[in-house]
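Values reported hereafter were calculated over all heavy atoms of this structure, with side chains retained and with hydrogens, waters and symmetry mates removed.
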There are 2 protein chains.
Amino acid sequence: MSVKRKGAPATAPHQNPEPAWLDQILLGDCVAELEKLPSASVDVVFADPPYNLQLEGALHRPDQSKVDAVDDAWDQFESFAAYDAFTRAWLMACRRVLKPSGTLWVIGSYHNIFRVGTVLQDLGFWVLNDVVWLKSNPMPNFRGKRFTNAHETMIWASRDRKAKSYTFNYEALKAFNDDLQMRSDWTLPLCTGGERLKDGNGQKVHPTQKPEALLYRVLLSSTNPGDVVLDPFFGTGTTGAVAKRLGRHFVGVERDRAYADAAMSRIDAVEPAPDMALETTKGKRAQPRIPFGRLLEAGLIAPGTELTCAKGRNTAVVRADGSLETGGVTGSIHKIGAHVQGLDACNGWTYWHFAEGKARRPIDDLRQVIRDGMAAA
Amino acid sequence: MSVKRKGAPATAPHQNPEPAWLDQILLGDCVAELEKLPSASVDVVFADPPYNLQLEGALHRPDQSKVDAVDDAWDQFESFAAYDAFTRAWLMACRRVLKPSGTLWVIGSYHNIFRVGTVLQDLGFWVLNDVVWLKSNPMPNFRGKRFTNAHETMIWASRDRKAKSYTFNYEALKAFNDDLQMRSDWTLPLCTGGERLKDGNGQKVHPTQKPEALLYRVLLSSTNPGDVVLDPFFGTGTTGAVAKRLGRHFVGVERDRAYADAAMSRIDAVEPAPDMALETTKGKRAQPRIPFGRLLEAGLIAPGTELTCAKGRNTAVVRADGSLETGGVTGSIHKIGAHVQGLDACNGWTYWHFAEGKARRPIDDLRQVIRDGMAAA
DNA sequence: TACGCCAGTGAATCACACC
DNA sequence: TGGTGTGATTCACTGGCGT
């Protein structure tokens, strides 16, 4: 059973006819549906499996609004063992349909990615890279109990350790990345705004829709035009939409008919236009911010150092966490700079100075040392 | 057997004597050595285990110079199963010596981190975050067959799922990061230059020496001054050096005497930061609790006073016992604050305001008056 | 039309002391 | 041990509405 696409391109009579499952969504359990495909028939797998989040109570923002948690039934597993068994089953099914030179991508978070990586290695896949998706606009940590969970991890692996010449479009990626080798960290925003599929009530159709820019990089790097990309957890079809846009074929498997229907109409609306898309997806690696604490880590300022204003009139002492202390008041370089001047705001980088011999230099000079070091590398 | 440190601070006679293993390097296999430590004796573990790299043949740069790969004997394992058994053994040993409220950090790359993460979850550790170290100056990929491997992954986990109040210096990290909460991606350079330990021939002493900046952030976030940090793969002692600098105790285990010797002289040369500079920013949670009734006792609020929300729309009257009354309903400042807004919860301290002239100020300001008085006394 | 303000929201394993 | 009550806690971005 499958969801048929409309307006599938006609196959020219002199070519091999395309298999019936191409550019389709197979409706059903992914392991069962994959059995219907011939072995060694797809070039790349991209999989976004359930993460097995283990949430307890509801979480509220500081303003008391409720966080819309991912509590769908498809994300519930009884135990790590059950999750491992599930993972093993779908990875084995994917391995069978992958061509020997094929590669596989899986995305996950710390809840599940270690399990997936271990199973995948045990099955004989060979990890080529792990790639981290750095979210430029992640949800904050509302209770102040952990670091902001600001990234997800993708594993990129070949089918076998001795895989024959898997596809990696090194030069294309380098050109894409302003003539620098593409790194294993990709900074991209979440899928929001007009790209996010909404239902008639304005509610999101799928709780974990991935941004097209992510799939764009994945497919650009590891597939060629005309390749077949399998997504065993198709959801609302981001993989299919980007595949079509880039002139790749897709096969999706999805259990939920509502997701599959949304995916199919979404993909039908896609215009293949790779050249234009390249422009919109391309982005420089965001220049990392350098917080004041970085100067302490780098040993450029030691805890206990006294900073002064340019004239030496106001002073403050640097603490290990990068906060300043003066007259019993503590805060960031900016807050304390404002405080000692009786102002609302202050640029601490230019206000505070450190002693160098008899001279005083702004701490901004030290930040420049860090930036120069990063640029030189 | 251990490597003794020089100039260990004398323990004052009236204090509990420090255990003999504190601020020492235990020379030997980490599982065997850890058996000598009492259980529940360390606050945090930082582990940089062997990576299980499986390199075949030598890797050459485009100019044919040989890359100095990590191919030391200690980094070779026969199989994933052997690596998993090794991982299980040292993680179990660490778990025994960890305090119930302790946390553990492990750093690794895609070669081993999935194995480590899985074993750690299976042993009952509870992952709090995975943190990626983004290398600002990674080694390029010379063959052009993969993405530049530009990051490593750290797992931060509590000893148990229901761990009691593990240490996370949220406010300190926020101050460190220019008043934004710290994210799970940290951009830091590799350990190079003067920080990198070299032997008499200018060769690096250890192949995978970690930058002190990385440990600075780890220890600042998850330990307090005086805590004990265990590093079961001590190497050249980055963990010990930063621990000493930040006023934390360390225990190291290292199998290789050359590494241990290099570590000990390195640590002896470290100058600890002054105690005063080790004080870090604390949030309201660290402040003593003041019940609302205390404001009435202190005469800062009189019974019968009318409180309002910030905009003056909702009102309530203070009763002599510190409860509020509005529309016939009575309860605590929090309960009534929630009630008038139709919410489940509310922080009454910030919700309710008192009149001062024409302005309204939150009752939290009055609480601060009491706290300031306590601090002055 | 431009701009400012306010409300809404995103894969989240998000208290703890006290009785 | 569990139940109860206090009260701590958010970043980047989008979209709608009002001036």
Testing the 3.5 Å rule here: is there a donor-acceptor pair between the side chains of [X] and [Y]?
X	Y	result
B/Asn177	A/Arg289	yes
A/His60	B/Asp344	no
B/Trp352	B/Thr308	no
B/Gln181	A/Thr148	yes

(message) Among residues at least two apart in sequence or on other chains, which ones pass ring pair (Phe, Tyr, Trp, His ring centres under 6.0 Å) with A/Tyr259?
(response)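 Residues passing ring pair (Phe, Tyr, Trp, His ring centres under 6.0 Å) with A/Tyr259: A/His206.
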(request) Could you pull out all residues at least two apart from B/Phe46 that satisfy ring pair (Phe, Tyr, Trp, His ring centres under 6.0 Å)? (result)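 Expected list: none.
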Please give the distance between the [atom1] atoms of [N] and [M] as a whole number of Å.
N	M	atom1	result
C/dC14	D/dG7	P	23 Å
C/dT1	D/dC17	C1'	15 Å
C/dT9	D/dT10	C1'	12 Å
D/dT1	C/dC16	C1'	16 Å

Heavy atoms under 4.0 Å, any strand shown: does [X] hit a base, just sugar-phosphate, or nothing?
X	answer
A/Asp48	base
A/Pro211	nothing
B/Ile290	sugar-phosphate
A/Lys204	sugar-phosphate

Aromatic contact between [X] and [Y], with the criterion being ring centroids under 6.0 Å apart: yes or no?
X	Y	result
B/Trp133	B/Trp186	no
B/Phe168	B/Trp156	yes
A/Phe292	B/Phe176	no

Shortest side-chain distance from [X], nucleotide among [options]:
X	options	answer
B/Lys335	C/dA11, D/dG5, C/dC14	D/dG5
A/Arg196	C/dC14, C/dA11, C/dA12	C/dA11
A/Thr208	C/dA12, C/dA11, C/dC14	C/dA11

Please write out the pairs of protein N or O atoms and N or O atoms of nucleotides 17-19 of chain D separated by less than 3.5 Å, giving the distance to one decimal.
none

Is the backbone N or O of [Y] less than 3.5 Å from a side-chain atom of [X], with the two atoms forming a donor-acceptor pair by type?
X	Y	answer
A/Arg266	A/Thr236	yes
B/His353	B/Arg360	no
B/Lys311	B/Cys309	no

For [X] and [N], give me the distance from atom [atom1] to atom [atom2], rounded to whole Å.
X	N	atom1	atom2	result
A/Lys66	C/dG10	NZ	P	12 Å
A/Arg146	C/dA12	CZ	P	13 Å
B/Lys164	C/dA17	NZ	C1'	10 Å
A/Asn52	C/dA12	CG	P	15 Å
A/Leu197	C/dG10	CG	P	13 Å
A/Glu56	C/dA11	CD	P	21 Å
A/Leu53	C/dC14	CG	C1'	13 Å
B/Arg161	C/dA12	CZ	P	17 Å

(message) Just to be sure I understand: a Watson-Crick pair is purine N1 to pyrimidine N3 plus N6-O4 or O6-N4, both under 3.5 Å. Using that and G-U wobbles, which stems of three or more pairs involve DNA chain C?
(response)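 If one scans DNA chain C for consecutive Watson-Crick or G-U pairs, the stems found are C:2-10 with D:11-19, C:15-19 with D:2-6.
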(request) Please figure out whether B/Ser165 or A/Trp133 has its closest DNA chain C nucleotide nearer the 5' end. (result)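 Its nearest nucleotide being more 5', the pick is A/Trp133.
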(request) Between protein and nucleotides 8-14 of chain D, map the contacts as a letter string: B base, S sugar-phosphate only, - none, heavy atoms under 4.0 Å, written 5' to 3'. (result) BBBBSSS
(request) Scan for side chain to side chain donor-acceptor pair (under 3.5 Å) pairs involving residues 314-333 of chain B, sequence neighbours excluded, and state none if there are none. (result)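 Applying side chain to side chain donor-acceptor pair (under 3.5 Å) to every pair that reaches into residues 314-333 of chain B, excluding sequence neighbours, yields B/Asn314-B/Tyr351, B/Arg319-B/Ser323, B/Asp321-B/Ser323.
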(message) Strictly below 4.0 Å: does B/His334 bring a side-chain N or O up to OP1 or OP2 of D/dT6?
(response)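 False: B/His334 side-chain N/O out of range (4.0 Å or more) of D/dT6 OP1/OP2.
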(request) Using a cut-off of strictly less than 4.0 Å, decide whether B/Ser332 has a side-chain nitrogen or oxygen near OP1 or OP2 of D/dT6. (result)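 Indeed, a polar side-chain atom of B/Ser332 lies that close.
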